[in-house]
Novice: 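Shown below is the structure under consideration.
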Amino acid sequence: MRENSPLLFVGAVIGVFAIILSVAFAMIKEKKKEIGFERNMEDAEIIKRLLHYAKPYWKRFIFVGVTMFVSIAYSILSPLIVGWIETLIVGDFELKQLFTAVALYGSILLISMVCLYVQAIVLQKTGQQIISHLREDVFTHIESLSHDQLNQIPVGKLVTRVTNDTNAISLMFTSLLVNLVKNCFVIIGVLVAMITVNYQLTLMVLCFAPFIVLFTYIFRKFSRRAYRRVKDCTTDINTYLSENLSGIKITQIFNREDKKLKDFTLKSNNLGKAKQKEILVFSIFRPLIYMLYISSVLCLLYLGGKGYLEGSSFFGQTLKSGTIVTFYMYISKFFDPIQNLAEQFNRLQSAFASAEKVFTIMDYEPEIVDSPDAIDLEEMRGEIEFKDVWFAYVPDEWVLKGVSFHVNAGDTVAFVGATGSGKTTILSLICRNYEFQKGQILIDGIDIRKIKISSLRKNFGQMLQDVFLFSGTIRSNIVLRDESISDEEIRAACEYVNADKFIYKQEQGLDEIVRERGNNFSAGQRQLLSFARTVVHKPTVMILDEATANIDTETELLIQDSLEKMRNIGTMLIVAHRLSTVQHADNIIVLANGKIIEQGTHQDLLAKRGRYYQLYTIQYHKNQMKKA
């Protein structure tokens, strides 16, 4: 009994840890929603969809598989060779035998290292190509979503899906899958080799296997929750940053920096706590597996060393020093992959969770798509007609109620009315940014749902109140990366809309740097650039949505002159609160509560003394008071 006391002590320590972890495991609620690892997509479906991206590179994965088996061979054979060297050293041997054994070990090691290096290079290149393809697909799919769908998804969430989540998937292709397979084969190979060398010592090592399984199972539950919490907090902070960095000027204007800092600090601390919990889980699991490893080594040294020193047999088998050394190395190679398997499996689950998030975005069916019989318009005249059109952003809350009107090709038509009357909505429906619920919209006598979206939109030029400029140069913002547009065409367009008057005052001219959202240009300059961008793409129908709002008087004169010129290009649809902008329109449509209440020319509407007359009179008196 006394001789076995060290073994009993080891067993008691492991048993105490097993009980503590089992109690902690039982205290965690079983509901998946509670542990934060709810999943709606099966692993098999995710794997199938991911394999679609990996399929073109199957030859590379076969090559990696071959190199992987070479490295597995090293893990299995190296302990046998070291044990053989140990046997040579303790007995009578020739130096040639030792050199042979060392050379054999060195050769296997060198080949294994080369295979691991080649394997890593091939996997990294392949993984990045796969993820690049996946990112492009996600980005392209996001571009196909309607304005309504994009309004429902925070930008920060989309950024996280395209960046962070695809990076997690990248790890699966570059290391996780190969290492999972490799570790499984290493465990099987090492176990077979151990049984071949000494099955009694193998049985002793396998006594620790139930505890490995128990600790790994418990670890999986805690690590899943930790992984998901980190991902949720990362998405949360990315969404917050995306929104608040875009609106930081508003924060400064209203002196809310301290409040925003507190909000950010809270989210940052939540992410920090989630990371700490993730680290805590690993800081407990790794030492526990290491404790089992050390315990098995101690038992090996105690039992094996005792049997070897006393010259007795161990369960009927005589132990040699080479056997003990071989088993010492095999125990390490047996526990390492088991420990790695648990971590890699959970990282794989994390990658699956990220893949599910990405595929959830890709499964959003675009609300606005081409009909099967949609046609390409070779040319567009610009005749537009609304027939009893009804539209609601929210079901049963109608923004447009039976709107009907006709626009002749080449006419300039203005939409006037109070905020929320439906002016901007009409312009959005013409471009199919949203899908209307009832009625019909015709372009050149053709239902717009029968025209391909790309063909429809390429004939429209939109100039909005909030002009969006991309980081780049003035030239790149005008041509929008369309390299077929020459510098002569760009200059002609800029001169046509009076944008040249400020562009060529810039040090770099057309190559002047445009910072994010064009914040190094005034509102009026950005608007003139949007005019140039529209004209250079030669649209048939031009849409101006409050394009003259929030600009100075001098720039307004330039814009008014530009508008007069652009009226000659094609059909022009204008939404404006400044009635001075629309006085020369061929038709002015006045809206209220989603309905057309009157329409006609400027003079006709003034003569009617209706709603338009009231709006014009109010603005006229305001302007007179300003002049006074």
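Just so you know, these numbers come straight off a predicted model, no measurement behind them.
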Novice: Within this structure, what is the OG1-NZ distance for the pair Thr234 and Lys275, rounded to the nearest 0.5 Å?
Specialist: 6.0 Å

Novice: Who are the side-chain hydrogen bond (donor to acceptor under 3.5 Å, both in side chains) partners of Gln128, not counting sequence neighbours?
Specialist: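 With sequence neighbours excluded, Gln128 shows a side-chain hydrogen bond (donor to acceptor under 3.5 Å, both in side chains) to Ser170, given in chain and number order.
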
Novice: Counting only heavy atoms not in Tyr117 (residues, nucleotides, ligands), do more than 12 fall under 6.0 Å from its OH?
Specialist: no

Novice: Return yes if some donor-acceptor pair links the side-chain N/O of Asn477 with the main-chain N/O of Phe470 below 3.5 Å, else return no.
Specialist: yes

Novice: Would a 4.5 Å heavy-atom cut-off, applied to side chains only, mark Phe436 and Ile448 as touching?
Specialist: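 Side-chain contact under 4.5 Å: yes.
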
Novice: Find the distance between CD1 (Ile368) and OG (Ser146) and round it off to the nearest 0.5 Å.
Specialist: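 Reported value, rounded in 0.5 Å steps: 5.0 Å.
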
Novice: Give the intermediate values and the outcome of side-chain contact (heavy atoms from CB on, under 4.5 Å) for residues Asn164 and Lys357.
Specialist: CA-CA 11 Å; Asn164 297 55; Lys357 290 174 181 287; over 6 Å; no

Novice: Looking at every heavy atom in both Gly461 and Thr534, which two are closest together, and how far apart are they?
Specialist: CA-CG2, 3.5 Å

Novice: So, Asp263 and Lys259, do they make that salt bridge, N to O below 4.0 Å?
Specialist: yes

Novice: Does this structure show an ion pair linking Lys452 with Asp376, if we count only N-O contacts that are shorter than 4.0 Å?
Specialist: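 Salt bridge between Lys452 and Asp376, a charged N being under 4.0 Å from a carboxylate O: yes.
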
Novice: Could you walk me through whether Val118 and Phe63 pass the side-chain contact (heavy atoms from CB on, under 4.5 Å) test, one step at a time?
Specialist: CA-CA 10 Å; Val118 172; Phe63 174 76; 3.4 Å; yes

Novice: Give the table of side-chain donor-acceptor pairs shorter than 3.5 Å for residues 150-161, with sequence neighbours excluded, one pair per line with atom names and distance.
Specialist:
unit_1, atom_1, unit_2, atom_2, d
Asn151, ND2, His147, O, 3.1
Asn151, ND2, Tyr434, OH, 3.1
Gln152, NE2, Asp148, OD2, 3.3
Thr160, OG1, Gly156, O, 2.9
Thr160, OG1, Asn238, ND2, 3.0
Arg161, NH1, Asp165, OD2, 2.7

Novice: On a heavy-atom basis, which atom in Phe352 and which in Met172 lie closest, and how many Å separate them?
Specialist: CE2-SD, 3.5 Å

Novice: Donor-acceptor pair, Glu367 side chain versus Glu435 backbone, under 3.5 Å?
Specialist: no

Novice: Identify the two heavy atoms, one from Gly189 and one from Ile76, that lie closest to each other, and give their separation to 0.1 Å.
Specialist: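 The pair with the smallest heavy-atom distance is CA-CD1, 3.5 Å.
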
Novice: Counting N and O atoms only, with roles assigned by atom type, does the side chain of Arg135 sit under 3.5 Å from a partner on the main chain of Val162, one being a donor and the other an acceptor?
Specialist: yes

Novice: What I'd like to find out is whether the side chain of Ile142 reaches to under 4.5 Å of the side chain of Tyr364, using heavy atoms alone.
Specialist: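 Sidechains of Tyr364 and Ile142: no contact.
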
Novice: State the CG-CD1 distance between Asp511 and Ile474, to the nearest 0.5 angstrom.
Specialist: 8.5 Å

Novice: Do Val122 and Phe61 touch side chain to side chain, with heavy atoms closer than 4.5 Å?
Specialist: no

Novice: Work out which heavy atom in Thr174 is nearest to a heavy atom in Gly127; give both atom names and the distance.
Specialist: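 Where Thr174 meets Gly127 most closely, the heavy atoms are CG2-CA, 3.8 Å.
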
Novice: Kindly say whether Gln508 contributes a backbone atom to a donor-acceptor pair with the side chain of Glu512 at under 3.5 angstrom?
Specialist: yes

Novice: Quick one, His141 and Pro366 - any side-chain contact, counting heavy atoms below 4.5 Å?
Specialist: yes

Novice: Give the minimum heavy-atom separation between Ile284 and Pro287, together with the two atoms involved.
Specialist: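 That closest heavy-atom pairing would be O-CD, 3.4 Å.
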
Novice: Applying ring-ring contact (aromatic ring centres under 6.0 Å, His included), name anything that partners Tyr57, two or more places apart in sequence or on another chain.
Specialist: none

Novice: Could you tell me whether the side chain of Thr126 and the main chain of Leu123 form a donor-acceptor pair under 3.5 Å?
Specialist: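 Checked: no pair found.
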
Novice: What's the shortest heavy-atom distance between Ser530 and Val467, and which atoms?
Specialist: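 Taking every non-hydrogen atom into account, CB-CG1, 3.8 Å.
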
Novice: Would a distance-only check, ignoring hydrogens and angles, find a side-chain to backbone donor-acceptor pair under 3.5 Å from Thr202 to Met194?
Specialist: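 Looks like yes, one N/O pair under 3.5 Å.
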
Novice: With sequence neighbours excluded, what pairs up with His133 under the ring-ring contact (aromatic ring centres under 6.0 Å, His included) test?
Specialist: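 If we apply the ring-ring contact (aromatic ring centres under 6.0 Å, His included) test to His133, skipping adjacent residues, the hits are Tyr53.
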
Novice: Below 4.5 Å, heavy atoms only, C-beta onward: do Arg49 and Val358 meet side chain to side chain?
Specialist: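 Sidechains of Val358 and Arg49: no contact.
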
Novice: Could you tell me whether the side chain of Gln149 and the main chain of Glu365 form a donor-acceptor pair under 3.5 Å?
Specialist: yes

Novice: Can you tell me how far apart CZ (Phe460) and CD1 (Ile430) are? Round to the nearest 0.5 Å.
Specialist: 6.0 Å

Novice: With a 3.5 Å distance limit and no angle check, can you tell me whether His537 reaches the backbone of Arg533 through a side-chain donor-acceptor pair?
Specialist: yes

Novice: Kindly determine whether Val281 and Lys277 satisfy side-chain contact (heavy atoms from CB on, under 4.5 Å), including the steps that lead there.
Specialist: CA-CA 6 Å; Val281 171; Lys277 289 179 180 179; 5.6 Å; no

Novice: Holding to salt bridge (charged side-chain N to carboxylate O under 4.0 Å, His left out), I want the full list of residues that pass it with Arg526, two or more places apart in sequence or in another chain.
Specialist: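 With neighbours one apart ignored, the set is empty.
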
Novice: Could you give the distance from CG (Leu134) to CG (Leu50), rounded to the nearest 0.5 Å?
Specialist: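 Taking CG in Leu134 and CG in Leu50, the distance rounds to 7.5 Å.
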
Novice: Please lay out, stage by stage, how Arg457 and Asn433 fare under the test side-chain contact (heavy atoms from CB on, under 4.5 Å).
Specialist: CA-CA 10 Å; Arg457 290 176 180 170; Asn433 294 333; 3.7 Å; yes

Novice: With rounding to the nearest 0.5 Å, note down the distance linking CE in Met362 to OG1 in Thr140.
Specialist: 8.5 Å

Novice: So, the side chain of Ser112 versus the backbone of Ile108: is there a donor-acceptor pair under 3.5 Å, distance only?
Specialist: no

Novice: When you compare the side chain of Thr425 with that of Tyr393, does any pair of heavy atoms fall below 4.5 Å?
Specialist: yes

Novice: Going by the rule salt bridge (charged side-chain N to carboxylate O under 4.0 Å, His left out), which residues pair with Asp258 if we only count those two or more places apart in sequence or in a different chain?
Specialist: none

Novice: Just by distance, do the side chain of Ser132 and the backbone of Gln129 share a donor-acceptor pair under 3.5 Å?
Specialist: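 Judged by distance alone, no pair lies under 3.5 Å.
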
